[in-house]
Amino acid sequence: AGQPVVAREPSFAYLARKAIARHRAAFAVGAALMALLVVALAGVSWQARVAHTERRRAEARFRDVRQLANSVLYELHDAIAPLSGATPARRILVARALGYLDRLAGEAPDDRSLQRELADGYQRIAQIQGGAMGANLGDTEGALRSHSKALAIRQALAGRRPADPADEAALALAEFELGALLRGMGQLDQAEQSLRSAATRLDALASTGTLPDAPRRRLAIVYQRLADLYSFRGRQEEAITWARKAVAEAESLWRATPGDPSSRSALASASYEFAKALAGQDQYAEALERVRQARALLEAGLRDNPVDARQTQVLLFVLYAEGLYCWRLGDLPGAVAVREHALEVAEDALRTDPSDRWSQMGVAVAAGALGEVVLATGDAKRAVRLFRQALAISSRAVAEDPQYAFARLQVASGEHGLGRALLAEDTAPSLAEGCAALERVRVYWSGLQSRDELPPGETGGLQQLPRWLARCASIAAR
């Protein structure tokens, strides 16, 4: 009992049982881990399949939206662009297309092809919203936003390296379209900067032989718009320089593609702009010859395609100029006949598309122009009716689109003509209304002159207003 206890060695069976227990535990843990791993792998695989499915669905949706955008912007736009009476369709097109473009805008910033499509789409939408030339919805601010989006995309594309001449040319055309819009908004300094930048880019590409064919076909129009801007600003030497370049480029294009409608239209527009520049230097006989060449080209084009709204629009400009040059050369009956025809053309265009802003303003300009020459013949009553027609349209356009500087100028022009015609009627009611109209014109034109924004064509009218208003003062003193 007093002996120490001696630990005995565990038996072999005991050790075996312990080892087996440990192995079983390890196996159980391993099995559990394996089961967890299998479950995890299955989850990852399922998630990968879901992600792949979602990615394919997203890619399919992206392709669908892109195809829809292209269909709206290219197929539908091109189908209705030359047509009169398409303003409701244009309004729907704008709403749909802007939604598609804005959904795509944040996608694939490194996809050059997509970015080019987006820029082209925004430019097309801008033209429909409120282009300076062509049928539009009268949404100048919307057009400016769309042009700005397009320009930002074009600048990013043109800034990538290696440079692509096509992207540089596309940037130039975006600058040109923005410049044309700014010209219509009366922002002349910005318009000149944008148009000059466009011409410089295109000239640089042409000099190196890298200007693509499509932009080359629009080069004459870029030159023409610069000539128009300088003519409007009274810078006649610059106007005639750019007008000559426009004619030379357009004649080269016409010789290369005789009978092509776009080439014919470009030559007619360039010839009209050259006539304006010549008239700015009092060369009315040559100006009349040039403008009649333009009229012949446009009327031939309209015989081939009577519903071409674009050629109708240019024809109205040409007829206005032809009437003016006839008048300046002393052919007053000829001037009346040409301007009566211009008003008929404008009213026909408006009847086919009453909500088109450009067609509305076409009637306003044609009615006012005819009113001027009719007043010169001594028919004050008819002149009053024509000026009222012009003024009503222009005033409505300003109310609907306050940024439309051209319409604001036409309101003043209409009131100037109406005031003088009412004074010529020489009745008590007409004298009061006429004097009030002339005073409004004096305030508006004087404000423009103080900001150096008065068009040179209105300067003479402003200088003559004191004589008319003095007559109003003498009437009031009686």
Side-chain angles (χ1 to χ4, degrees), residues 77-78 81-83 120 123-124 127 131-135 169-170 172-181 183-184 191 194-196 198-203 205-206 211-232 239-278 287 289-322 345 358 362:
H77 177 276
D78 291 348
L83 303 179
D120 187 59
Q123 285 173 243
R124 284 170 175 256
Q127 292 167 0
M133 177 69 177
L173 294 180
E175 291 174 322
F176 159 68
E177 291 175 4
L178 177 60
L181 177 64
R183 159 71 172 87
S194 195
L195 292 171
R196 285 298 295 259
T200 300
R201 289 183 195 279
L202 294 174
D203 283 344
L205 290 169
L211 180 62
D213 286 342
R216 181 64 184 259
R217 297 173 68 84
R218 298 183 65 186
L219 193 53
I221 302 298
V222 176
Y223 294 156
Q224 180 216 330
R225 285 300 179 90
L226 273 166
D228 167 72
L229 177 64
Y230 289 126
S231 178
F232 184 79
I240 205 161
T241 296
W242 287 103
R244 287 187 189 279
K245 290 186 68 171
V247 168
E249 187 66 33
E251 287 178 341
S252 174
L253 181 63
W254 178 247
R255 286 193 297 270
T257 55
D260 178 69
S262 62
S263 300
R264 176 165 50 203
S265 180
L267 180 55
S269 297
S271 298
Y272 157 72
E273 201 60 53
F274 189 31
K276 275 175 55 183
L278 291 166
E289 180 182 351
R290 285 283 182 174
V291 86
R292 283 176 171 166
Q293 291 172 357
R295 177 178 175 176
L297 287 166
L298 291 165
E299 289 178 340
L302 287 168
R303 284 194 294 273
D304 293 342
N305 184 10
V307 298
D308 190 334
R310 166 70 180 180
Q311 291 203 82
T312 299
Q313 292 154 6
V314 179
L315 177 60
L316 286 173
F317 283 106
V318 165
L319 290 172
Y320 174 87
E322 183 179 353
V345 171
W358 202 100

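Residues take their numbers from the sequence shown, with the count starting at 1.
Closest approach of Thr257 and Arg217 over heavy atoms only: CG2-NH1, 3.9 Å. When all heavy atoms of Leu202 and Pro215 are compared, the pair lying nearest together is CD2-CB, 4.3 Å. Of all the heavy atoms in Leu316 and Gly362, the pair that sits closest is CD1-CA, 4.4 Å. Heavy-atom minimum distance, Leu195 versus Ala180: CD2-N, 4.1 Å. Between Phe274 and Ala243 the shortest heavy-atom distance is CA-CB, 3.7 Å.
Remark: Arg201 engages Glu168, Glu175 in a salt bridge (Lys or Arg N to Asp or Glu O under 4.0 Å) (not counting sequence neighbours). With sequence neighbours excluded, the residues forming a salt bridge (Lys or Arg N to Asp or Glu O under 4.0 Å) with Arg292 are Glu322, listed by chain and number. Take Glu299 and apply the salt bridge (Lys or Arg N to Asp or Glu O under 4.0 Å) test, not counting sequence neighbours, and it matches Arg295.
Formation of a donor-acceptor pair under 3.5 Å by the Ser263 side chain with backbone atoms of Gly259 is not found in this model. Checked by atom type and distance alone, the side chain of Ser269 pairs as donor or acceptor with a backbone atom of Ser265 at under 3.5 Å.
Using a cut-off of 4.0 Å between Lys/Arg side-chain N and Asp/Glu carboxylate O, Arg225 and Glu273 are scored as not salt-bridged.
How far OH of Tyr320 is from NZ of Lys276: 10.0 Å, rounded to the nearest 0.5 Å. The structure places CD of Gln123 at 12.0 Å from CG of Leu181, a figure rounded to the nearest 0.5 Å. For the atom pair CG (Asp308) and CD (Gln313), the distance works out to 8.5 Å, reported to the nearest 0.5 Å.
For the pair Val345 and Thr312, the minimum side-chain heavy-atom distance is below 4.5 Å. Two residues are said to be in side-chain contact when any heavy atoms from C-beta on lie closer than 4.5 Å; Arg244 and Ile240 meet this criterion.
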